[in-house]
Structure formats: C-alpha cells, structure tokens
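As the structure is a prediction and not an experimental result, all values here were calculated from the model.
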Amino acid sequence: MLIPKLSEFTIRRHANAKSFQRGEAYYEADAVMSLTQRGNLLLAEVEGNENHPYQVRLSFDGDGLTSVKCSCPYDRDGWCKHIVATMLLCLRQPESIEERPTLEQMLNRLDYKQTQRLVQGLVGEYPKLIEAIDRHVNLITYASVKQPRVKAVLNSTIDPKPFAQKVRQILRNAVSAWEDGYDDDPITEELLSLIQTAVDLCERGDGNSAIAILEAITSACVENWDDVADYGADNYEILPELNAAWCEAILTAELTPEEKVDIQVNLEVWQEEWGADFDLASEALRQGWDYPTLVQVLQGNIPEMGVWEEQIPDYADDLALIRLKILERQERYQEYLYLAAAEGQTEQYLTMLGRLGRVDEAMTAAQAQMNTMEAAFALAKTLSQQDSLSEALDIAQIGLNLPGNCQYELGIWTSDLAQELNDQEAALSALMAAFQTRASFVDYQKMAELAGENWANVKTDLLQILRTFGSWGSEAARVDIFLHEGLIDDAIHIVNELSSYYADLIHRVMDAAIAEKPNWVIANARRRAEMIMDAAKAEYYAEAVKWLTKVRAAYLECGRKADWDSYKAKLIQEHGRKRKLMGLFKEKGL
C-alpha cells in the first residue's frame, strides 16, 4: 500500500536541500536495509554513522502522513537524510516494502495466558521494561475514570509514585556513570522524557493527572539534586521545560482556590530550594482563564497591551504560545485568532488562518502584519499543505525580502516550489537568494540549468558573491566552484592561510594549481611541512611527508629537479636523526 499523497515534491518540501541531497545519496547506495509495513505503520532500518542502523518510523492514514520519526540525533529544520532515503524508497520502489501483520493482529492470536507469558518473557529478557509497564498501566487504568467537569480534584487516579522512583533512579544511575568515568550528561534527556509524559496527559485534556506527575517529578528532583550537584550536574535545560509543563498543566486542569494556593506554595518552596524559576507557572496560576483582560481579548475586544495591564514580562510570549496550544487543542479557533493577534504572535495568527482555509484573509493579513522571514516561511508551508501553491509562492517570495535567519532554507524551498509550478525565473531568483547565505556547488549547477541563455550574466554575479563571501564553513563549496570554472587564483586565495585542519581541501587546490602556480604550491607546502618537522611532532610526520610530496611534484612540474634534490638534502641533514620521518621518506619514495 502506497502512502497517500506522497510525491518527490512532498519530500523536498519537508527536508532542507542538504538533507534531501544526502538522503538521495543514501537511497542510491541502498542504505535502507529493510522496509516493513504493519498496517498504517512503516518501519525502516537505515545504515548511518553508528554501529547500529537508525530506526525510521512512518505513520499514515487515508489523507497522508501523520507522523515521521527517526532515531538519529538530527535536530535541524525538516526531515533527516535517513527519513528522506526511506521516503524515496517508498516512492520509487514500493515493491521493496515487506508487508507484515500489525501488533494488534499478532496479539489477537494470543489468549489471556499466552499474552501474560509474552509480557513476562519480555520483562525477563529486558528487566527495565517493568518500570515502563508500571507507568503505562497507571496511564491506561486511570483513563477509564472520567474526570468530572463540574469540580475537579487533585486526587488523581494516576499513581505518581513510579515517577518519583524513576527520578531517583535516574539520578542514582548518573552518579554511578560519572564515578565510572562517563563524561556526558546522563540526566537531562531522561528527565525531559518523564516531563513529556505530563505534557502528553495535558494533550489528552487531563491537567489534574499531569499536575500529580509533575509534583512527583519536581519534588524528587529537589529532594535528591544534591546527590548529583557535587558532580557538576546542572538543571539549565530541564527547568524551562518543567516550568512550561507546569504552566500547561495548570491551564488545562480545573482547580479550586485551595488547590491553587497549595500549588503556589509548592512552587515557591521549590524555587527557593532548587534555584528554579517558576514565574511562568505562577503567572498561569494567578491568571487562569478568568483574568479580566484575557476574557476581554478572547471575546475580540483587544486592549492596546493585550492581556497585560502593566509591564509586559519576559515570559509573555511563552505564556501566549501555551494558551494558543490549548485553544487549538480545544478547537476554539476564533479565540485562538483573537489571542494571537492581541499578543503579537503573527506567525501563529497567519498560519491558523491558512489552516482554517481562510486563504484570502491570510494573504491580506500577511501584507499588513508579516514582518519576519520565519513567519513567511511558516505561512507559505501552511498554504502549500492547503494546495494553495501559487499563494504559497507569493508569500515565500515576499519572505525572502524580510529580516530573518532562514534565508537559505526558505530560498531552497521556494525554488523547489517555483519549479513545481514551472516558474523558472522565480526558481532561479529564490535559489540565488539561498546562495547568498550558503554557497553550494549543487545549487550552483542547478542555477546554471535554470538560467539557460542568461547563465553568463548570472555566473558573473555568483562568482562576485563568492569572492566577497565571509561565511565560515563555505570553503569547500567555494573551492569546488572556482576549480570547476578554472579560477585557480581564487581557489588559492581561499586555502592559502587555512590551517592544516583543511588539509584535504588544500591538497585538492595544490593538485589543480601545480601546472599553473607551481611556485605557490612549493612555498605553501614547504611552510606546512617545515612547521611539523621543526617542532618534532612525530605524530604528524605522515602529514608532513604528504606536504613534501606536493613540494616534489611542483618542483618536477616546472623542471627544477636539481632544486628539489638540494632541498631534500638539506632536510636530511637537518632531520636525519628522526627515524620515523626518514622511514616515511623512504616509504613514499622521496
């Protein structure tokens, strides 16, 4: 079964240019080791840089993809290369998908006793699984008790004790790891995963149970943090997520005045004892949903300062975004729009209009309010998902002229969309905008195709951009382009003063420059080799000999063998006692 609405444009739209390029290379190299379908779930194993393959998980329904995940650490914009490779295999070779029964189908084949034995056997094989089962049994069994809407109580039906126990176990394991010489942080990721459990409960509308879990997690952290603080552990990454989770849980739960007082007292105690900042959660507790100016805003009567009567705090945006998340979850879309407008959340306001299909309103509002590249990118992607592709292209092109930090990603995305719409001029213009922030040889070649007969003029502009480029990390792409165009002097200018960290790149330029600029190769390579030999850095002698190989080749290229022999004799006289170096001389035929 093919994933509905899957196309190459869909893949390009959800991955940045570099990820798509690398993902396509992975696909062509047959890096997707297995691809299995179980109902509406696709599971793939993709070779990567680690010893074990990465796990890609794709969920879909009749309308298309619903969830896309990969076990790799990629955390940049869009899909990683492993996801791209998997998608391309699904699209181009659907016959390679192996269909297998779903988990439900497999479990349906078992009776009660067989299921019990299965779970027990898995716990026997993976002992830590019992802790996860404990937490999930609590989550499953509490769900059968409907939370009353009239008056909620904090005596949640979920048992918070396993969460406190898990925190203590995480901290104990961290101490053991550090005592064994482990340097990395073994705490943050696991604690954030526990906090996410509470956020997931909020997503299901159960703020009371989320609060019960957060109380257990926070108390256990505060009570046991001294055990890890002595090893240098910090809570800088944990606290913002915990603060936000508390805020969302408070705004999701229905609390009595007495319960609000109890929570506020706890927050103040934890703040003092743990050096924490719970101002965001405290403000959510103070305002709730009945705060007069907030009620006014949600009714569409927007004061000049939005929901704030006095000075706007630093956490105002965070509070607004959490409120918007809840309003969206509750499908209170008009109130969402009022609050987004009042709090200056332009990106959220515009994208919600787009998602609601109110495209004309979104376009009109964008003309007046859209002021960042990021907001334009978000709206353009939303409109494209609504199949309003020409409007998406208009917004994306406007965005390329706004301030922001995603010009490369937006430029590549816009160019791909323009090509989909057969607008070659717009595709070229967007790609040039991307090129101005991040040089790429692949993009350079693509622009040559798009420019057609006008390539000579476009090329002149692009080469000038490269010559004035100041972005770190662009050296290889610039060298690729200059060597492709036969501009040796420009390539030399880039690598001339680079450190030997860029040795491979420098060697490439030297190979290309030997015929035209042998004297530069001799001078530059000699300098690098002599720095190593004079410092007697034996571990780098092999690198020194590589530089000397270039020196010899350049001398021979310009007919100066006698000069090379003289220089070699001088080196042997000065460094002849360095046995490792002399052995490498002989091994390389110098």
Original post:
Would you call the rings of Trp246 and Trp270 parallel, tilted or perpendicular, where under 30° means parallel and over 60° means perpendicular?
Top reply: tilted
Original post:
Between Gln334 and Leu339, is any pair of side-chain heavy atoms under 4.5 Å apart?
Top reply: no
Original post:
Are Lys381 and Phe377 in a cation-pi contact, defined as NZ or CZ under 6.0 Å from the six-membered ring centre and within 45° of the axis?
Top reply: yes
Original post:
Between the side chain of Asn243 and the main-chain N/O of Leu239, is any donor-acceptor distance below 3.5 Å?
Top reply: no
Original post:
Is there a donor-acceptor contact under 3.5 Å linking the side chains of Gln397 and Thr414?
Top reply: no
Original post:
Would you call Arg438-Glu409 a salt bridge at under 4.0 Å N-O?
Top reply: yes
Original post:
Do Trp225 and Glu273 have side-chain N/O donor and acceptor atoms under 3.5 Å apart?
Top reply: no
Original post:
Which atom names give the shortest non-hydrogen contact between Leu383 and Met363, and what distance separates them?
Top reply: CD1-SD, 4.0 Å
Original post:
Just by modelled atom types, is the Pro101 backbone N or O under 3.5 Å from a matching donor or acceptor in the Arg38 side chain?
Top reply: yes
Original post:
When rounded to the nearest 0.5 angstrom, what is the spacing between CD in Glu335 and CG in Leu324?
Top reply: 11.0 Å
**OP:** Can you spot which of Gln287, Gln264, Glu268 makes a side chain to side chain donor-acceptor pair (under 3.5 Å) with Ser282?
**Re:** Gln264
Original post:
Is the backbone N or O of Glu391 less than 3.5 Å from a side-chain atom of Ser388, with the two atoms forming a donor-acceptor pair by type?
Top reply: no
Subject >> Cationic N near anionic O, under 4.0 Å, Arg286 to Glu283 >> reply: yes
**OP:** Report the residue from Leu191, Val222, Asn224 that forms a side chain to side chain contact (heavy atoms under 4.5 Å, CB included) with Val167.
**Re:** Leu191
**OP:** Establish, from distance only, whether the side-chain atoms of Thr197 and Asp200 form a donor-acceptor pair under 3.5 Å.
**Re:** no
Original post:
Is atom CG of Asp314 surrounded by more than 12 heavy atoms (other residues, nucleotides or ligands) closer than 6.0 Å?
Top reply: no
Subject >> From CG (Leu337) to CG (Leu298), nearest 0.5 Å >> reply: 11.5 Å
Original post:
Looking just at side-chain N and O atoms, do Gln120 and Arg117 make a donor-acceptor pair shorter than 3.5 Å?
Top reply: no
Subject >> Closest non-hydrogen atom pair between His82 and Tyr26, with its separation >> reply: CD2-CE2, 3.7 Å
Original post:
Between Ser19 and Tyr74, is a side chain to side chain donor-acceptor pair (under 3.5 Å) present by the stated rule, with each step listed?
Top reply: CA-CA 10 Å; Ser19 289; Tyr74 180 85; 3.2 Å; yes
Original post:
Around Asn173, counting heavy atoms of other residues, nucleotides and ligands shown, do more than 12 lie under 6.0 Å from its CG?
Top reply: yes
Original post:
Is there a side-chain contact between Glu203 and Lys325 (heavy atoms, below 4.5 Å)?
Top reply: yes
Original post:
So Tyr315 and Trp308, would you call those rings parallel, tilted or perpendicular, with 30° and 60° as cut-offs?
Top reply: perpendicular
Subject >> Distance (rounded to the nearest 0.5 Å) between Leu43 CG and Ser59 OG >> reply: 8.0 Å
Original post:
Within the side chain of Asn40, is there an N or O that forms a donor-acceptor pair under 3.5 Å with the backbone of Phe60?
Top reply: yes
Original post:
Which heavy-atom pair separates Ala245 from Val199 by the least distance, and what is that distance?
Top reply: CB-CG2, 3.9 Å
Original post:
So do Leu42 and Ile3 actually touch side chain to side chain, heavy atoms under 4.5 Å?
Top reply: yes
Original post:
Can you find a side-chain donor-acceptor pair between Gln345 and Arg323 that sits under 3.5 Å?
Top reply: no
**OP:** Would you give the length of the straight line joining atom CG of Leu110 to atom CD of Gln116, rounded to the nearest 0.5 angstrom?
**Re:** 11.5 Å
**OP:** Tell me yes or no: between the side chains of Tyr338 and Gln299, is some donor less than 3.5 Å from an acceptor?
**Re:** no
**OP:** Step through the shown structure and confirm whether more than 12 heavy atoms of other residues, nucleotides or ligands are within 6.0 Å of CD on Glu189.
**Re:** no
Original post:
Does Thr218 reach the main-chain N or O of Leu214 with its side chain, forming a donor-acceptor pair under 3.5 Å?
Top reply: yes
Original post:
So does Gln55 have more than 12 non-hydrogen atoms from other groups sitting under 6.0 Å from CD?
Top reply: yes
Original post:
Do Ile326 and Thr252 come close enough that some side-chain heavy atom pair is under 4.5 Å?
Top reply: yes
**OP:** Please confirm whether the backbone N or O of Ala366 pairs with a side-chain atom of Gln369, one donor and one acceptor, at under 3.5 Å?
**Re:** no
Original post:
Within the side chain of Gln407, is there an N or O that forms a donor-acceptor pair under 3.5 Å with the backbone of Thr437?
Top reply: no
Subject >> Within-4.5 Å side-chain heavy-atom neighbours: Thr382 and Leu353 >> reply: no
**OP:** Go through Val307 and Leu319 one step at a time and tell me if the side-chain contact (heavy atoms from CB on, under 4.5 Å) criterion holds.
**Re:** CA-CA 11 Å; Val307 303; Leu319 181 56; over 6 Å; no
Subject >> Closest approach of Tyr54 to Cys70 (non-hydrogen atoms, all atoms of both residues) >> reply: CB-SG, 4.1 Å
Original post:
Under a 4.5 Å cut-off applied to non-hydrogen side-chain atoms, are Ile83 and His14 in contact?
Top reply: no
**OP:** Determine whether the side chains of Ser71 and Arg57 contain a donor N or O and an acceptor N or O closer than 3.5 Å.
**Re:** no
Original post:
Between the main-chain N or O of Ile302 and the side-chain N or O of Gln296, is there a donor-acceptor pair closer than 3.5 Å?
Top reply: no
**OP:** Report yes or no: does Thr364 contribute a side-chain atom to a donor-acceptor pair with the main-chain N or O of Asp360 at less than 3.5 Å?
**Re:** yes
Original post:
Is the closest side-chain heavy-atom distance between Leu285 and Leu255 below 4.5 Å?
Top reply: yes
Subject >> Leu58 and its side chain to side chain contact (heavy atoms under 4.5 Å, CB included) partner, picked from Gln37, Met87, Lys69 >> reply: Met87
Subject >> Min side-chain heavy-atom separation Tyr291-Val295 under 4.5 Å >> reply: no
**OP:** Using the six-membered ring of Trp289, assess whether NZ or CZ of Arg332 lies under 6.0 Å from its centre and within 45 degrees of the ring axis.
**Re:** yes
Subject >> Other residues, nucleotides, ligands: >12 heavy atoms within 6.0 Å of Glu179 CD >> reply: yes
Original post:
So, the side chain of Asn108 versus the backbone of Glu104: is there a donor-acceptor pair under 3.5 Å, distance only?
Top reply: yes
